[in-house]
Protein chains: 4
Amino acid sequence: MARPKSDDKRSAILEAAARIIAAEGLGATTAAIAKEAGISNGSLFTYFNTKTDLLNQLYIETKSEMAAEAIAGIPTDSDIRDQLLHLWTNWLGWSASCPEKRRTLAQLIVSDEITPESREAAKHSMTEMARILECGRENGPMRDVPRGLFIAMANAIADAAIDYMITDPANAEKYSMSAFDAFWRMIS
Amino acid sequence: MARPKSDDKRSAILEAAARIIAAEGLGATTAAIAKEAGISNGSLFTYFNTKTDLLNQLYIETKSEMAAEAIAGIPTDSDIRDQLLHLWTNWLGWSASCPEKRRTLAQLIVSDEITPESREAAKHSMTEMARILECGRENGPMRDVPRGLFIAMANAIADAAIDYMITDPANAEKYSMSAFDAFWRMIS
Amino acid sequence: MARPKSDDKRSAILEAAARIIAAEGLGATTAAIAKEAGISNGSLFTYFNTKTDLLNQLYIETKSEMAAEAIAGIPTDSDIRDQLLHLWTNWLGWSASCPEKRRTLAQLIVSDEITPESREAAKHSMTEMARILECGRENGPMRDVPRGLFIAMANAIADAAIDYMITDPANAEKYSMSAFDAFWRMIS
Amino acid sequence: MARPKSDDKRSAILEAAARIIAAEGLGATTAAIAKEAGISNGSLFTYFNTKTDLLNQLYIETKSEMAAEAIAGIPTDSDIRDQLLHLWTNWLGWSASCPEKRRTLAQLIVSDEITPESREAAKHSMTEMARILECGRENGPMRDVPRGLFIAMANAIADAAIDYMITDPANAEKYSMSAFDAFWRMIS
DNA sequence: GATGAATGAGTATTCATTCAT
DNA sequence: AATGAATGAATACTCATTCAT
């Protein structure tokens with residue numbers, strides 16, 4: 001069966017995994033994850049066939065969640081700078097509020113365990129986010145830069161800011177804004 | 001002294017580790033690294049006390065090497081944009097030419113195995129590079145952004161470009177230049 | 001509960017350990033012990049956390065078993081010489097009939113792996129045996145010798161005899177009796 | 001060559017081994033022994049072919065030393081009780097004064113590494129000691145007990161006392177004497 | 001489905017011994 | 001002879017995965 005009974009349990013495992021991997025790295029044992037999720041050793045495998053499978057799904061779902069949060073409530077009628085600012089604030093705010101998911105994602109991104117298919121799937125869930133980002137450069141100086149490179153740069157700048165927001169939450173908003181200003185200068 | 005410890009062998013191990021880890025991740029076995037380095041299983045441990053030790057030294061030395069390459073031949077008399085461009089070109093060029101070291105570094109950066117001391121040591125070796133980068137923003141719009149955040153952003157943009165340079169070497173120079181232009185817009 | 005931990009299996013491991021250690025010494029591998037016990041390599045560690053732990057428990061349980069055998073069926077109404085003779089015969093008889101346990105115990109006794117706590121625990125299980133031994137000297141010439149030293153001497157004489165009983169089983173009873181006579185002369 | 005140049009170094013290794021093994025057990029590494037002896041790793045093997053060889057020689061020489069000390073200055077003209085008492089006092093005194101050698105010997109005695117040949121050799125070096133002990137029983141109640149068993153019993157009683165002498169040196173003499181009295185009662 | 005014991009392949013590290021210097 | 005680096009077999013213990021209950 002494609003999806004076993006309890007979706008709650010599935011989510012619990014995924015969230016437990018994020019927490020444990022944030023703390024212990026990808027070497028975290030499935031036993032530790034199961035324990036954190038409040039289930040038994042063996043039950044984990046009725047929800048995920050292998051550890052690799054669990055990791056891949058964690059990757060995809062975390063990325064999707066991030067993308068969904070980022071585009072929530074975008075004022076589609078406002079001008080592009082406002083839309084981008086809204087997106088940016090959502091994105092960095094969510095990421096900074098989930099340091100564990102973020103830290104885990106950082107490990108997953110560079111891991112061999114994540115298949116090309118998973119990477120592709122994650123990209124799909126970010127389509128809408130990417131589309132809005134794209135609008136920002138279509139008439140600007142970056143119009144000839146490959147789309148992927150441009151997205152990667154936006155990502156990179158955001159990431160740098162998020163690190164600072166997590167480390168020094170009191171000034172989180174300031175960091176977010178500084179980064180947005182830099183991003184805006186870059187594309188316009 | 002009988003058969004003194006050879007610096008060559010130490011380097012060979014470090015380079016073998018970079019190659020193997022790039023291919024297999026941090027889970028790469030010490031045996032595989034030793035074999036790639038052309039030494040015996042046990043000899044690895046006469047040069048590095050533990051695998052963690054090896055990983056930390058690999059991290060420090062790779063970062064140092066990168067920093068040293070980046071600042072080689074900087075035209076200190078030229079204007080700041082020229083200096084930055086030179087730095088940028090060195091940096092991205094070297095990184096793109098050593099995809100294995102780069103890939104390995106990406107894993108090490110997010111790993112728990114790397115101690116805060118190692119991270120600090122790596123920072124030290126990048127002082128000069130950071131200093132030059134700093135000159136670029138002292139009178140510009142980013143003058144009030146924290147130094148570390150600014151450096152992280154530069155890093156992030158470079159990284160994004162390097163990925164592209166590695167994936168599509170034919171257009172490497174173009175990507176490098178586009179990224180530099182974006183960076184320059186960001187800081188000026 | 002799924003497949004509860006089996007006490008039989010625990011005992012099987014302990015007995016396998018006694019057999020293997022008797023043959024190969026304390027350097028015996030956990031793999032060899034597991035194989036002899038008919039379980040897998042890893043299962044040994046669901047019953048004992050470490051090899052040291054296994055060794056300590058083996059020590060304690062073997063000593064307890066010996067003590068229990070020694071005092072079985074003591075004729076508490078008979079005079080003290082009869083009681084001692086019964087104890088002595090039980091004790092030497094059991095020890096001589098389990099040369100493997102005995103040989104293993106000899107190694108364990110001098111090993112660093114055995115903790116003071118284990119030694120203390122073993123002493124407790126021999127309380128009753130020691131009490132009867134004690135009765136034998138309370139009015140005799142050894143009345144002022146420290147209790148522990150007296151017990152150690154009894155032990156030592158018995159041990160010497162047991163070695164002979166094992167080596168030359170045909171005359172086992174004779175050796176046992178000679179040793180008892182010597183012991184009796186010593187204390188009366 | 002049967003005996004390499006420096007006999008001093010050979011002895012130094014043997015004594016270092018006794019000290020280290022007393023502290024760390026038979027698992028003590030040859031490297032640790034070499035270091036304690038003040039020589040290099042590899043040099044140990046110009047004096048002893050293998051670790052087993054070292055252990056066997058340590059066994060033989062320690063036993064010989066003990067035997068030699070035990071019979072030093074025996075008053076051959078005195079009556080047998082005096083002779084035995086002298087022997088006993090020498091023996092226990094020496095053993096109690098070298099707790100490391102004693103402890104090491106205890107481990108060696110039960111070890112598989114010691115060959116039957118070594119055990120035989122050790123017995124030879126104790127011939128004279130055994131001869132004197134023998135005199136003590138030839139007309140007594142133990143006259144029909146096998147010689148080896150009798151010796152083992154003497155040994156065992158002495159051993160028990162030595163333990164106490166080491167643990168509580170202040171009363172060493174008392175323990176030695178108590179044990180002798182017990183021994184004398186046993187044989188006469 | 002849930003549980004946790006059973007499995008056994010896998011791995012860092014150690015150490016007796018050898019050998020180049 | 002002396003040194004200590006090099007060797008590689010050996011081993012306790014781990015952990016993803018399976019399976020009996």
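Here is how names work: the chains are called A, B, and so on, in the same order as the sequence lines, proteins then strands, and each is numbered from 1.
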Mapping G38(B) and T29(C) onto DNA chain F by nearest heavy atom, which one lands closer to the 5' end? G38(B)
Looking only at side-chain N and O atoms, does T30(C) come under 4.0 Å of OP1 or OP2 in dA12(F)? yes
Quick one: K35(B) NZ to dA12(E) P, roughly how many Å, whole number? 15 Å
In this structure, how many angstroms lie between the C1' atom of dA12(E) and the CD atom of E113(B), rounded? 12 Å
Considering every strand and a 4.0 Å limit on heavy-atom distances, what is the contact class for T50(A): base, sugar-phosphate, or nothing? sugar-phosphate
Quick check on dT7(E): is either OP1 or OP2 less than 4.0 Å from any side-chain nitrogen or oxygen of S43(C)? yes
Reading DNA chain F from 5' onward, which residue's closest nucleotide shows up sooner: T52(A) or S40(D)? S40(D)
Using atom CD1 of I39(B) as one end and atom C1' of dT13(E) as the other, report the distance to the nearest whole Å. 14 Å
T46(A) side-chain N/O to dA2(E) phosphate OP1/OP2 under 4.0 Å: yes
Mapping N49(D) and N49(B) to their closest nucleotides on DNA chain E, which lands nearer the 5' end? N49(B)
Does any nucleotide pair with dA20(E) by Watson-Crick or G-U wobble geometry, both distances under 3.5 Å, and what is it? dT3(F)
Would one find a side-chain N or O of Y47(A) under 4.0 angstrom from OP1 or OP2 of dG1(E)? no
Integer-rounded Å distance: dA6(E) C1' and R3(C) CZ: 5 Å
Between atom CG in L54(C) and atom C1' in dC13(F), what is the gap in whole Å? 13 Å
Are the side chains of M126(B) and M66(B) in contact, using a 4.5 Å heavy-atom criterion? yes
Closer than 4.0 Å, any side-chain N/O of K9(C) to the OP1 or OP2 of dA6(E)? yes
Determine whether I60(D) and E120(D) make a side-chain contact, defined as any pair of heavy atoms from C-beta on separated by less than 4.5 Å. no
Nearest whole Å is fine: how far is dA16(F) P from I21(A) CD1? 11 Å
Rounding to an integer number of Å, can you tell me how far F45(A) CZ sits from dA6(E) P? 18 Å
Can you check whether R10(A) reaches L14(A) side chain to side chain, under 4.5 Å on heavy atoms? yes
Rounded to whole Å, please give me the gap between NZ in K51(A) and C1' in dG10(E). 14 Å
Have a look at A28(C) and say if it touches a base, only the backbone sugar-phosphate, or nothing, with a 4.0 Å heavy-atom cut-off. sugar-phosphate
Any non-hydrogen side-chain atom of T104(A) less than 4.5 Å from a side-chain atom of L58(A)? yes
Yes or no on side-chain hydrogen bond (donor to acceptor under 3.5 Å, both in side chains) for T46(D) and S43(D), after CA distance, side-chain angles and deciding distance? CA-CA 5 Å; T46(D) 72; S43(D) 278; 5.2 Å; no
